[in-house]
Chemist: 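Just passing along the structure, written as structure tokens.
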Amino acid sequence: MNAAVVQISLSTIPNSLETRAGLPRPNWPAIYDWVEANINRDADVDEIWTQLARDWIDALIDSLPTGYARSESREFMVLSSGDSPTAEHLLECCESSRRIILDSLGSVAREEGYGKYVLFAFAKADTYYDYIADYYPDEGEFGLSGGMFLDDGYGHIAIPAVYAGGYERTLAHEMTHALLGHLPLPAWLNEGVTQVIEDIVVGGSYFVVDREILRRHRDYWNVDTIDAFWSGESFYASDEGQELSYHLAQILYRNLVSDYPKQIARFLNSANYSDAGEAALVDACGDSLCDRVTQFLGQGAWSPRTDYFEIDAE
């Protein structure tokens, strides 16, 4: 028996939308509670959440400058402007990235939740930063952002689609985060695997290790900065720590894949942010994070703690 299709909209759900920073923001807890209480078990849940996502996108379109529209493919919905890359090309990139990532990561990547994937491709960087500001603390200094997977309520991707040729890599990067979202990965490991997979998706890499980058790493990392790396805080740094964190994450992950190709899936599936993945690495590979960093930086106090909190990866 096919699941029943239910007509539903955000307008039928009390307190479903709030306005913050001039933009409509879904009240996801209220929406989830209403759906749970009012939708029969035989309903097509995927279609229900897709319909609600359409309403969300359309509400956002009404608040943005003219020219934005909603487009759809089999698995994705895209909000984009005529000033952005064409919606058709964005949808093609999304569908292709999804297929390659699922194939590349095998038992590690997983599709969870209901409804189509959602991408917001903002035509101007200012509009992008206005949107994502709602997901940052009110105070603090933060590094630049080229795109984010926002795992809040209805998880979605937001990018500033203003950099010619750069959005394909960004989409692959953020889509990988989305397909790893079920795992409690430490930020360094999440970013390491994501950067490697984005290279596979786009068929090229900018990754380089030379004397200059090695010097910069060895000048920067110490007992305090490496702790920020294991906790994930350094990935949001406003200084060179952000760049070096992404680079070190890629070095560590690439070396692990090279040394432990048969064990890497087990490591990814069991790693936890609370100890930066240390226990999982010891169990899966018989190795330690301190030893892995020592291979690159030389001797130092590189060991992680065991009491970190989760920090969302971009």
Side-chain angles (χ1 to χ4, degrees), residues 125 129 136-137 139-148 163 166 169-170 172-174 176-177 185-199 202 204-260 264 267-268 271-282 285 287-314:
Y129 280 109
Y136 281 87
E139 297 181 357
E141 294 184 5
F142 309 98
L144 296 175
S145 171
M148 295 183 73
Y163 309 113
R169 181 173 289 276
T170 301
H173 186 105
E174 303 307 332
T176 305
H177 281 318
L185 296 175
W188 77 266
L189 184 54
N190 205 327
E191 296 299 349
V193 63
T194 296
Q195 290 175 93
V196 170
I197 295 299
E198 77 177 56
D199 286 348
V202 302
S205 178
Y206 298 121
F207 180 71
V208 173
V209 179
D210 55 23
R211 290 182 179 179
E212 174 59 20
I213 192 67
L214 177 59
R215 181 197 61 77
R216 290 178 61 202
H217 276 290
R218 290 183 172 176
D219 287 345
Y220 182 80
W221 298 110
N222 56 45
V223 65
D224 294 322
T225 54
I226 201 66
D227 186 65
F229 176 78
W230 296 134
S231 74
E233 294 175 7
S234 65
F235 290 89
Y236 296 89
S238 57
D239 61 10
E240 67 172 339
Q242 183 184 57
E243 175 194 353
L244 294 176
S245 293
Y246 278 93
H247 195 261
L248 180 59
Q250 190 169 179
I251 288 170
L252 294 178
Y253 182 71
R254 284 180 178 273
N255 287 344
L256 285 170
V257 171
S258 176
D259 291 346
Y260 304 108
I264 198 69
F267 171 53
L268 288 169
N272 193 284
Y273 59 82
S274 62
D275 66 351
E278 173 74 2
L281 184 61
V282 172
C285 306
D287 208 340
S288 73
L289 291 174
C290 181
D291 287 345
R292 302 307 300 187
V293 176
T294 297
Q295 290 181 6
F296 181 60
L297 296 180
Q299 293 295 325
W302 310 127
S303 296
R305 305 196 320 263
T306 59
D307 60 350
Y308 296 114
F309 296 95
E310 184 174 20
I311 294 181
D312 292 334
E314 290 188 10

Chemist: In the structure I gave you, are the side-chain heavy atoms of Tyr308 and Asn272 within less than 4.5 Å of one another anywhere?
Modeler: no

Chemist: Please give me the minimum heavy-atom distance between Ile213 and Asp210, naming the atom from each residue.
Modeler: N-OD1, 2.9 Å

Chemist: Does the side chain of Thr225 come within less than 4.5 Å of Asn222's, by heavy atoms?
Modeler: yes

Chemist: Locate the shortest heavy-atom distance separating Arg169 from Gly204; write the atom from each residue and the value.
Modeler: NH2-O, 3.0 Å

Chemist: Can you list everything that forms a salt bridge (Lys or Arg N to Asp or Glu O under 4.0 Å) with Arg305? Sequence neighbours excluded, please.
Modeler: Asp227, Asp307

Chemist: Do you see a donor-acceptor pair shorter than 3.5 Å between the side chains of Ser258 and Asn255?
Modeler: no

Chemist: Roughly how far, to the nearest 0.5 Å, is the CD1 atom of Ile264 from the CG atom of Leu281?
Modeler: 8.0 Å

Chemist: Quick one: salt bridge (charged side-chain N to carboxylate O under 4.0 Å, His left out) pairs with a partner in residues 247-259, sequence neighbours left out?
Modeler: Asp199-Arg254, Asp259-Arg292

Chemist: For a 4.5 angstrom cut-off between non-hydrogen side-chain atoms, does Leu248 reach Ile226?
Modeler: yes

Chemist: If we ignore hydrogens and angles and just use 3.5 Å, is the side chain of His247 paired with the main-chain N or O of Val209 as donor and acceptor?
Modeler: no

Chemist: To the nearest 0.5 Å, how far apart are OG in Ser303 and CG in Leu289?
Modeler: 8.0 Å

Chemist: Without placing hydrogens or testing angles, list every side-chain donor-acceptor pair under 3.5 Å for residues 293-302, not counting sequence neighbours.
Modeler:
residue	atom	partner	partner atom	Å
Thr294	OG1	Cys290	O	2.8
Trp302	NE1	Gly298	O	2.7

Chemist: Could you report the tightest heavy-atom contact between Ala271 and Gly277, atom names first, then the distance?
Modeler: CB-CA, 4.2 Å

Chemist: Does Thr306 offer a backbone N or O that forms a donor-acceptor pair with the side chain of Glu278 under 3.5 Å?
Modeler: no

Chemist: Specify the closest pair of heavy atoms between Gln242 and Ala237, including all atoms of both residues, with the distance to one decimal.
Modeler: CB-O, 3.4 Å

Chemist: Check the pair Glu191, Gln250 against side chain to side chain contact (heavy atoms under 4.5 Å, CB included), reporting the backbone distance first and the verdict last.
Modeler: CA-CA 7 Å; Glu191 296 299 349; Gln250 190 169 179; over 6 Å; no

Chemist: What pairs with Arg211 under salt bridge (Lys or Arg N to Asp or Glu O under 4.0 Å), at least two apart in sequence or on another chain?
Modeler: none

Chemist: Side chain to side chain contact (heavy atoms under 4.5 Å, CB included) between Tyr253 and Leu268: does it pass, once the steps are laid out?
Modeler: CA-CA 10 Å; Tyr253 182 71; Leu268 288 169; 3.8 Å; yes

Chemist: Mind listing the closest non-hydrogen atom pair of Ser231 and Ala228 along with its distance?
Modeler: OG-O, 3.0 Å

Chemist: Closer than 3.5 angstrom, by distance alone: can the side chain of Trp188 be matched with the main-chain N or O of Phe229 as a donor-acceptor pair?
Modeler: no

Chemist: Evaluate the criterion side chain to side chain contact (heavy atoms under 4.5 Å, CB included) for residue pair Ser245 and Trp221; output intermediate values, then yes/no.
Modeler: CA-CA 10 Å; Ser245 293; Trp221 298 110; 3.5 Å; yes

Chemist: Not counting sequence neighbours, which residues clear side-chain contact (heavy atoms from CB on, under 4.5 Å) with Glu240? List them please.
Modeler: Arg216, Tyr220, Leu244

Chemist: Determine whether the aromatic ring centres of residues Tyr273 and Phe309 are separated by less than 6.0 angstrom.
Modeler: no

Chemist: From Gln195 CD over to Ile197 CD1, what is the distance, rounded to the nearest 0.5 angstrom?
Modeler: 11.5 Å

Chemist: Partners of Asp219 by salt bridge (Lys or Arg N to Asp or Glu O under 4.0 Å), sequence neighbours excluded?
Modeler: Arg215

